[in-house]
Amino acid sequence: MTDGRPQTALVLTGGGARAAYQVGVLAAIRELRGRRSGNPFPILCGTSAGGINAAALAVYSRSFNHAVGQIEHIWRNLHVDCVYRADAAAILGSVGRWGLALTTGWAVRQTPRSLLDNTPLRGLLTRVLDFSQVGRSIRRGHLRALSITASGYASGESLAFFEAAADIQPWRRTHRMGVRACIGVDHLMATSALPFVFPAVHIHREFFGDGSMRQLAPVSPAIHLGADRILVVGAGRLAEEVRQRTETYPSPAQIAGHALSSIFLDTLAVDLERLDRINRSVAAMTPEQRRASAGLKPIDALVLLPSRRLDAIAGRHREALPGMLRMVLRSLGAMRSEGSALLSYLLFEPAFIGALIELGYEDVMARRGEVSDFLRL
């Protein structure tokens, strides 16, 4: 049970390397909090790479300042080969397997699992995160709940795996549900398994992929876990530049980047609109009507999103990728400006990561009064 204080949730959405932006946001919040102890976000919800950030905060939730320091250190020291294999043997092997599948797959019935091998990421997460600390922090009151969302390929459902205080109950809605679990590395590998790019992960009886797929209500887990106010930190802009005329057929990278942006951004925009409508409806109710409406309550929300296009930033750092990977991405059109959205999900290199961390920090500081007021700092 809570002690009656408002429960603040942090919702971190996905986006591969784009999630480095969230680290800058967290660093700025740490600075605004000063020397305050404890954890300002008793409820942590994450999807895709944002799920990894959320889990890291949960592991170190005894001290938010220490947690942010650890996460920033890990991100700033990342290279592509810490996340997925980008050596010549791995890239050529993947190209060969996909080529063989396209030409003779009908005969040998062999289907490649993914474009890239993210085994290094599993090793990294296993080394740096002690998942037993999540349950320990919940028992000691440093944390109330952690949820990691993944998408089931067989069921088509969005599952929020949550580890939480005993009084929080599972839930089920249309095409989505909350399932109690002991969060571990498999949940993080599943939630961050970008479709086609990284392999799906088998949990219990089903294969799961990136949590942003089929996630119709990204802020819903935070509400089910008891949040009264929600800070949402995304990894992309909800409104891009106006439509421009073009006569050039889109490259595979441009199409893939568009599809990924749709997965990661569109449902968040719709869910935030839905939350705003519910808040306005609740505000118009009398206390009696609120009691009769299954405990509806207003949920304060603040959304922090990049002020600049992350694909444009990625385009400036494209040469940081290993040579063999650059060659493959160039053949897909990802090394051109119109294809750099795909690049931004895969560019786990210090130059790009550092630029996103700085942008996240600057964006919060530009709204420091609003953020401080929302978090009661």
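Throughout, numbering of the chain's residues begins at 1 and tracks the sequence.
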Visitor: Any link between Leu129 and Leu124 through a network of hydrophobic side chains (Ile, Leu, Val, Met, Phe, Trp, Tyr) touching at under 4.5 Å?
Guide: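 Linked, Leu129 and Leu124 end up in one cluster.
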Visitor: Closest heavy-atom contact between Gly234 and Thr13?
Guide: CA-OG1, 3.1 Å
Visitor: Side chains of Thr149 and Pro221, heavy atoms from C-beta outward: is any pair under 4.5 Å?
Guide: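 Side chain of Thr149 against side chain of Pro221, heavy atoms only: contact under 4.5 Å found.
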Visitor: Could you walk me through whether Leu225 and Cys45 satisfy the side-chain contact (heavy atoms from CB on, under 4.5 Å) test, starting with their C-alpha distance in whole Å, then the side-chain angles of each, then the deciding distance to 0.1 Å, before giving a yes or no?
Guide: CA-CA 9 Å; Leu225 294 171; Cys45 303; 3.9 Å; yes
Visitor: Would you mind reporting whether Ser307 and Leu359 have side-chain heavy atoms less than 4.5 Å apart?
Guide: yes
Visitor: Checking Arg326 against Glu319 for the salt bridge (charged side-chain N to carboxylate O under 4.0 Å, His left out) test, could you report, in this order, the C-alpha distance in whole Å, the side-chain angles of both residues, the deciding distance, and whether it holds?
Guide: CA-CA 8 Å; Arg326 287 204 310 272; Glu319 296 301 323; 3.3 Å; yes
Visitor: With the 4.5 Å side-chain cut-off for hydrophobic clustering, are Val80 and Val328 part of the same group?
Guide: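 Hydrophobic grouping puts Val80 with Val328.
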Visitor: Over 60° means perpendicular and under 30° means parallel, so classify the ring planes of Phe162 and Trp171, tilted if in between.
Guide: parallel
Visitor: Are side-chain N/O atoms of Gln22 and Asn53 paired as donor and acceptor at under 3.5 Å?
Guide: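 Yes, a side-chain donor-acceptor pair sits under 3.5 Å.
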Visitor: Using 0.5 Å steps for rounding, measure from the CG atom of Leu305 to the CG atom of Leu310.
Guide: 9.5 Å
Visitor: Do Ile148 and Ile168 sit in one hydrophobic cluster, given that two such residues count as connected whenever their side-chain heavy atoms are within less than 4.5 Å of each other, even indirectly?
Guide: no
Visitor: Report the C-alpha distance between Arg368 and Glu31 in whole Å, list the side-chain angles of each, state the deciding distance to 0.1 Å, and finish with yes or no for salt bridge (charged side-chain N to carboxylate O under 4.0 Å, His left out).
Guide: CA-CA 10 Å; Arg368 60 188 304 161; Glu31 183 171 319; 5.4 Å; no
Visitor: Locate the shortest heavy-atom distance separating Ile313 from His317; write the atom from each residue and the value.
Guide: O-CD2, 3.1 Å
Visitor: Minimum heavy-atom separation for Leu12 to Ala54, with atom names?
Guide: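 Result for this residue pair: CD1-N, 3.7 Å.
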Visitor: Between CD1 of Ile138 and CD of Gln133, what distance do you get to the nearest 0.5 Å?
Guide: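 Going from the CD1 atom of Ile138 to the CD atom of Gln133 covers 11.5 Å.
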Visitor: Please name the pair of heavy atoms, one in Ala193 and one in Pro199, separated by the smallest distance, quoted to 0.1 Å.
Guide: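 Minimum heavy-atom contact is CB-O, 3.3 Å.
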Visitor: Between CG of Leu125 and CG of Asn118, what distance do you get to the nearest 0.5 Å?
Guide: 9.5 Å
Visitor: Are any side-chain N or O atoms of Ser372 and backbone N or O atoms of Gly369, one a donor and one an acceptor, separated by less than 3.5 Å?
Guide: no
Visitor: Minimum heavy-atom separation for Gly15 and Ser48, please, with both atom names.
Guide: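 Where Gly15 meets Ser48 most closely, the heavy atoms are N-OG, 3.7 Å.
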Visitor: Hey, are the side chains of Leu146 and Leu57 touching, using non-hydrogen atoms and a 4.5 Å cut-off?
Guide: no
Visitor: Say whether, by atom type as modelled, one donor and one acceptor occur between the side chain of Gln7 and the main chain of Ile43 under 3.5 angstrom.
Guide: no
Visitor: Out of curiosity, Leu78 CG to Ile353 CD1, how far, rounded to the nearest 0.5 Å?
Guide: 4.5 Å
Visitor: Is a side-chain donor or acceptor of Asn65 paired with a backbone partner of Gly34 at a separation under 3.5 angstrom?
Guide: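 Yes: the side chain of Asn65 pairs with the backbone of Gly34.
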Visitor: If you count the non-hydrogen atoms of other residues, nucleotides and ligands that lie under 6.0 Å from CZ in Arg367, is the total more than 12?
Guide: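 Enclosed.
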Visitor: Which pair of non-hydrogen atoms, one from Leu188 and one from Gly51, has the smallest distance, and what is that distance?
Guide: CD2-O, 3.8 Å
Visitor: What's the verdict on side-chain contact (heavy atoms from CB on, under 4.5 Å) for Thr8 and Asp228, showing C-alpha distance, side-chain angles and the deciding distance?
Guide: CA-CA 6 Å; Thr8 303; Asp228 299 295; over 6 Å; no
Visitor: Check step by step if side-chain contact (heavy atoms from CB on, under 4.5 Å) holds for Leu32 and Met365.
Guide: CA-CA 9 Å; Leu32 294 178; Met365 287 306 180; 4.0 Å; yes
Visitor: Please check this pair: side chain of Arg36 against backbone of Pro40, looking for a donor-acceptor N/O pair closer than 3.5 Å.
Guide: no
Visitor: Between Asp167 and Arg144, is the salt bridge (charged side-chain N to carboxylate O under 4.0 Å, His left out) condition met? List the steps.
Guide: CA-CA 10 Å; Asp167 61 298; Arg144 181 154 173 79; 2.6 Å; yes
Visitor: Hey, does the side chain of Arg30 reach the backbone of Arg35 with a donor-acceptor pair shorter than 3.5 angstrom?
Guide: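 No, because the side chain of Arg30 does not come within donor-acceptor range (under 3.5 Å) of the backbone of Arg35.
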Visitor: Ignoring hydrogens and angles, state whether a donor on the side chain of Ser61 or Ser137 is under 3.5 Å from an acceptor on the partner side chain.
Guide: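 Result is yes, a qualifying pair exists.
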Visitor: Could you walk me through whether Arg308 and Glu362 satisfy the side-chain contact (heavy atoms from CB on, under 4.5 Å) test, starting with their C-alpha distance in whole Å, then the side-chain angles of each, then the deciding distance to 0.1 Å, before giving a yes or no?
Guide: CA-CA 11 Å; Arg308 300 202 299 272; Glu362 292 168 3; 4.2 Å; yes
Visitor: Please answer whether the main-chain N or O of Arg122 pairs with a side-chain N or O of Thr126 as donor and acceptor at a distance below 3.5 Å.
Guide: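 A pair under 3.5 Å: yes.
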Visitor: Would you check if Val233 and Val11 make a side-chain contact, meaning some heavy-atom pair closer than 4.5 Å?
Guide: no
Visitor: Can you confirm whether the side chains of Ser344 and Asp311 place a donor and an acceptor under 3.5 Å from each other?
Guide: no
Visitor: Among Ser158, Ser220, Ser151, which residue meets the side-chain hydrogen bond (donor to acceptor under 3.5 Å, both in side chains) test with Arg176?
Guide: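 Only one of Ser158, Ser220, Ser151 forms a side-chain hydrogen bond (donor to acceptor under 3.5 Å, both in side chains) with Arg176, namely Ser220.
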Visitor: Please report the interatomic distance CZ(Phe131) to CD1(Ile183), rounded to the nearest 0.5 Å.
Guide: 9.0 Å
Visitor: With the side chain counted from C-beta on, respond yes when Val232 and Leu304 share a heavy-atom pair under 4.5 Å apart, and no when they do not.
Guide: no
Visitor: Any donor-acceptor pair under 3.5 Å linking the side chain of Ser114 with the backbone of Leu116?
Guide: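 Judged by distance alone, yes, a pair lies under 3.5 Å.
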Visitor: So does His73 have more than 12 non-hydrogen atoms from other groups sitting under 6.0 Å from NE2?
Guide: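 No, not enclosed.
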Visitor: Please work out which of the three classes, parallel, tilted or perpendicular, describes the rings of Phe161 and His204, given edges at 30° and 60°.
Guide: tilted
Visitor: Any chance CZ of Arg76 has more than 12 other-residue heavy atoms, nucleotides or ligands included, within less than 6.0 Å?
Guide: yes
Visitor: Taking atom types as modelled, is there a side-chain donor on Asp130 or Ser132 under 3.5 Å from an acceptor on the other?
Guide: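 Yes, Ser132 and Asp130 have a side-chain donor paired with an acceptor closer than 3.5 Å.
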Visitor: Has the side chain of Arg18 got a donor or acceptor atom that lies under 3.5 Å from a matching backbone atom of Ala235?
Guide: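 Yes, Arg18 side chain to Ala235 backbone: donor-acceptor pair under 3.5 Å.
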Visitor: Considering only heavy atoms from C-beta outward, does the side chain of Ile29 approach that of Phe64 to under 4.5 Å?
Guide: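 Contact flag for Ile29/Phe64 side chains = yes.
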Visitor: Keeping Tyr361 on the side-chain end and Leu26 on the backbone end, is there a donor-acceptor pair under 3.5 Å?
Guide: no
Visitor: Does any non-hydrogen side-chain atom of Tyr153 lie less than 4.5 Å from one of Phe208?
Guide: no
Visitor: Are any non-hydrogen side-chain atoms of Arg85 and Asp81 less than 4.5 angstrom apart?
Guide: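 Arg85 does not reach Asp81 side chain to side chain.
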Visitor: Determine, using the 4.5 Å side-chain heavy-atom cutoff (strictly less than), whether Leu329 and Ile255 are members of one ILVMFWY cluster.
Guide: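 Different clusters.
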Visitor: Going from CZ on Arg180 to CD on Gln169, what distance comes out if it is rounded to the nearest 0.5 angstrom?
Guide: 7.0 Å
Visitor: Classify the ring geometry of His66 against Tyr60: parallel below 30°, tilted from 30° to 60°, perpendicular beyond 60°.
Guide: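 Rings of His66 and Tyr60: perpendicular, as their planes differ by over 60°.
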Visitor: Will you find, in the side chains of His79 and Glu349, an N or O donor that is under 3.5 Å from an N or O acceptor?
Guide: yes
Visitor: Keeping Thr191 on the side-chain end and Thr47 on the backbone end, is there a donor-acceptor pair under 3.5 Å?
Guide: no
